[in-house]
Amino acid sequence: MLIVKFMKDLGYDVIPVFFQTPFFGPENARKVVEQIGMKLIVEDITEEHLIMLKHPRYGFGKNLNPCIDCHGLMFRRAGELLEKYQADFIISGEVVGQRPMSQRRDAINSVGKLSQVKDLLIRPLSQKLLTDTLPIREGWVRKEEMLDIQGRSRSRQRAMAEDYGITWYQNPGGGCLLTDVSYSRRLKDLMDNEMMTLEFVRFLKTGRHFRISEDVKLIVGRNNEDNEELSRLTKDNLVLKTVVVPGPLGIVNSKRELAIEELTLAASILLRYHNKVTGEGDVCYGPNFHLDSTVQVEKATDKELEKYRI
Ligand code: SF4
């Protein structure tokens, strides 16, 4: 947000682009870009991001965040858009030394290498401290107008925001869902069981997750909001519901039909989250809300929950 405004004020035309995946969405970016009177272009990079996530060349941060490869991928995609938008170069708000993984000086170089458009990158907040790239060598960008911010303190950036009258911005220290411990654990489970496809990744944000077997997962809504979200996400999934309503909703993630033992286990876990049922109860199930079969099960025990919970 700062560098968009900064470069615009210096007289450059700027086109803000957001790269979207299931791990980060454009809502906040849209809000901030609208604040400075511009329109955001959103590009979906899910497919490539999921492929990269399996083997990031520069590895992961503290959790499943492959920040260097992720930045590299975004810049590469930005490079591919230059012709479409008749743009000459790419700017980003990276600051040398600001983040432990992706913005160390050597990491900034690695990002540049991965992007395949290294020579077209300008980081206005730190560019005075970085190697000159084509836009500076050619005189498209005046180096003396660029800044020399570095390090983890964000005081100069905050002062700039204040000067620009920007009143709302995201917590600058936060990352995407891949930096979250429990989300990363669920994603790792998908990776380990070779289920990391968009179809299953879409469900990771919602509900309680259980691994029933190598290629079968159950997701149980924790409340009404979860149940509604799970219903929205469901396409051809097997759905489980307690016969006594209201009660939790269960969605199965799998590419195949379930064996009876797997179905019974999933139903007993679902029933465990029904407050009004004690001991035994009925669970109906079927593909995509065609709940025309029923199975009677015992509620799962705490030990079982612990064993299967991801
Ligand atoms: S925090 Fe998430 S979105 Fe940001 S660079 Fe890292 S992996 Fe990519």
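Indexing begins at 1, ligand by ligand and atom by atom, following the structure's order.
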Close aromatic pair by centroid cut-off 6.0 Å: Phe200 and His209
no
Would Arg30 pass as a cation-pi partner of Phe18, given that its NZ or CZ must be under 6.0 Å from the six-membered ring centre and within 45 degrees of the axis?
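No; the conditions do not both hold, so Arg30 does not lie above the ring face of Phe18.
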Geometric class of the Trp140/Phe89 ring pair [parallel <30°, tilted 30-60°, perpendicular >60°]:
parallel
What are the atoms of ligand 1, with element, lying closer than 4.0 Å to any heavy atom of [X]?
X: Cys176; value: 1 (S), 2 (Fe), 3 (S), 7 (S)
X: His71; value: 5 (S)
X: Phe24; value: 3 (S)

Are any side-chain N or O atoms of Ser254 and backbone N or O atoms of Asp215, one a donor and one an acceptor, separated by less than 3.5 Å?
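Confirmed, Ser254 side chain pairs with Asp215 backbone.
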In terms of its nearest heavy atom to atom 8 (Fe) of ligand 1, the top option of Cys67, Pro66, Cys70 is Cys70
